[in-house]
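The structure appears right after this line, and notes come after that.
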Amino acid sequence: VDGESVPALHGTGLEDYFNGAWYYYGLFDLPTHGLLEKAAMNTCQYRLHVGDAVRFDKSLSVSFEFGDGNRSRGYMSAVAYWYQDEPVSVRTVIPAVDLRYPKFDQVEMGAVMANLFELERAGLYKDAMNRCLYYAERIKNPAWSEMLSLRAVRYDEEIRGFDVVSNSYAKIVTESKVPEVVEQAKKLLWFHKSKTNALLGSHINADYKLYIDGKLIGKGRDKSVLNVIPISLSSGMHDLTLEAVPSRRNALISVYIRLHNDEIVSDASWECSKIKPTAWPTVENDASWDKVIRWDIMFPIMSEWQFMPNAFINMQSGKQLMRPWTGWDNPPTTAYLRKKFIVK
């Protein structure tokens, strides 16, 4: 303030200044501070000094440490407003429009899905749809661009219903040159062909095998790719079982089944065992079953923020991260998990 050599206010971090200590948890807009946009490494936030006004007469300098020891790289921009007792001339020259925004870099590209998770979690499907279309136009990767255009149609389905967008799905199946886009559009169409059709999505940092009623339906290990499997489920009780060996430290499990009138997620109702049941993969009671550890957090987190684009909304953005038990991944230990659920 006014050229002083020692700062009048010396805080502990960027997010702390905006009242979001230990990083941010969801979007919010409050009277004096808010987080209007959040993707990994990319935020838009504000703070008003109402009850804690910073008064100055001649000058005010504000600076932020950019990463620990100013070692981070990237872009930061800001705007500040203040009350002044009389008008004065301003020396700042606003640059041309094409110079006001940073180029679309690899960090922003990697954070695309994380940004969409935040919007859909807040129920802002129209905003998420528009953001998909914005990214689809800005990204020069044809595969990503077409996938995000398909995801925009899925958001539109959530807003206006399947009948309105069914022709859009069919057109993408016919015209797209990207195999993954065609495959996912077909799955979204297939889901609506029968009330017994369901889509199971898994995002697991482990070598895993998934079973429905004792039948192997999928396996994998890629932490950045959502694996979506079409399944048919009749009315009644079903068993979902999972065998997992962590492929990395701090491994997480996320599972989601999209039904026509319900959803099944990886939550605190799941059970786990360190002992392989005798009749595995069917569910038996000869193992020692305990409740899983459910994390009351959501993607993205600091260690998990880069995801491959896909068209299956809501499958990765809920509070559905879990671990079998503390220390499951250090050293790696096989976990057996089960979940009973009813299809109405």
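The shown structure was predicted, so the numbers you read here are calculated from the model rather than taken from an experiment.
When the shell of 6.0 Å around CG of L99 is examined, it contains more than 12 heavy atoms from other residues, nucleotides or ligands. No more than 12 heavy atoms of other residues, nucleotides or ligands lie within 6.0 Å of NZ in K195, so this atom counts as exposed by the packing criterion. Summarising the local packing, NZ of K209 is surrounded by 12 or fewer heavy atoms from other residues, nucleotides or ligands at distances under 6.0 Å.
One finds no salt bridge joining R294 and D267 here, because no Lys/Arg side-chain nitrogen approaches an Asp/Glu carboxylate oxygen to under 4.0 Å. A salt bridge does not link R131 to E118: none of the charged side-chain nitrogens sits closer than 4.0 Å to a carboxylate oxygen.
Using a distance-only test at 3.5 Å, with no hydrogens or angles considered, no donor-acceptor pair links the side chain of D329 to the main chain of P246. For the pair D286 (side chain) and T278 (backbone), a donor-acceptor distance under 3.5 Å is present. S145 places no side-chain N or O within donor-acceptor distance of the main-chain N or O of N141, the cut-off being under 3.5 Å. Checked by atom type and distance alone, the side chain of D2 pairs as donor or acceptor with a backbone atom of D57 at under 3.5 Å. T174 contributes a side-chain N or O that, together with a main-chain N or O of A170, makes up a donor-acceptor pair within less than 3.5 Å. Side-chain atoms of K187 come within 3.5 Å of backbone atoms of V228 as a donor-acceptor pair (strictly under, hydrogens ignored). At distances below 3.5 Å, not a single donor-acceptor pair connects side-chain atoms of H10 with backbone N or O atoms of V6. With S176 contributing its side chain and V173 its backbone, the two residues share no donor-acceptor pair below 3.5 Å. When atom types are taken as modelled, the side chain of R138 and the backbone of L133 share no donor-acceptor pair closer than 3.5 angstrom.
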> Could you walk me through whether S266 and Q320 pass the side-chain hydrogen bond (donor to acceptor under 3.5 Å, both in side chains) check?
Replying inline: CA-CA 5 Å; S266 42; Q320 59 201 58; 5.0 Å; no

> Would D52 and R47 count as a salt bridge (charged side-chain N to carboxylate O under 4.0 Å, His left out) if you check the C-alpha gap in whole Å, the side-chain angles of each, and the deciding distance to 0.1 Å?
Replying inline: CA-CA 11 Å; D52 56 346; R47 174 177 172 181; 2.3 Å; yes

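Among all heavy-atom pairs drawn from V292 and E271, the shortest one is CG1-C, 4.0 Å. The two residues G218 and I229 have their closest heavy-atom pair at CA-CD1, 3.6 Å. For P332 against V245, the heavy-atom pair with the smallest separation is CB-CG1, 4.4 Å. A pairwise comparison of heavy atoms in A185 and L150 identifies N-CD2, 3.7 Å as the closest pair. Summarising the geometry of L233 relative to A198, their closest heavy-atom pair is CD1-CB, 4.1 Å, with the distance given to 0.1 Å. Between W328 and T333 the shortest heavy-atom distance is NE1-O, 2.8 Å.
In this structure, I313 CD1 and M129 CE are separated by 11.0 Å, a value rounded to the nearest 0.5 Å. A distance of 9.5 Å separates CG in L210 from CD1 in I231, rounded to the nearest 0.5 Å. K126 contributes atom NZ, which lies 14.0 Å from atom CG of L119 (distance to the nearest 0.5 angstrom).
Evaluated for a side-chain contact (heavy atoms from CB on, under 4.5 Å) with I204, the options V255, L252, L226 yield exactly one hit, V255.
For the pair K274 and W325, the distance from NZ or CZ to the six-membered ring centre is under 6.0 Å and the angle to the ring normal is within 45 degrees. Taking the ring centre of F66 as origin, the terminal cationic atom of R71 falls outside the region bounded by 6.0 Å and 45° from the ring axis. A cation-pi arrangement is absent between R258 and F312, since the terminal nitrogen or guanidinium carbon is not both under 6.0 Å from the aromatic centre and inside a 45° cone about the axis. A cation-pi geometry, defined here as NZ or CZ lying under 6.0 Å from the six-membered ring centre and within 45° of its normal, holds between R338 and W289.
In this structure, the ring of H203 has its center no less than 6.0 angstrom from the ring center of Y256. In summary, the aromatic rings of F18 and Y46 are positioned with their centroids too far apart to meet the 6.0 Å limit. Aromatic ring centres of Y17 and H49 lie closer together than 6.0 Å.
Side-chain atoms of Q184 and N310 form no donor-acceptor pair, as typed in the model, at a separation below 3.5 Å. With no hydrogens or angles considered, a side-chain donor-acceptor pair links S202 and Y208 at under 3.5 Å.
Counting only residues at least two apart or in different chains, ring pair (Phe, Tyr, Trp, His ring centres under 6.0 Å) contacts with residues 107-166 comprise F117-F307, F162-H192.
The closest side-chain heavy-atom distance from I253 to L321 is not below 4.5 Å.
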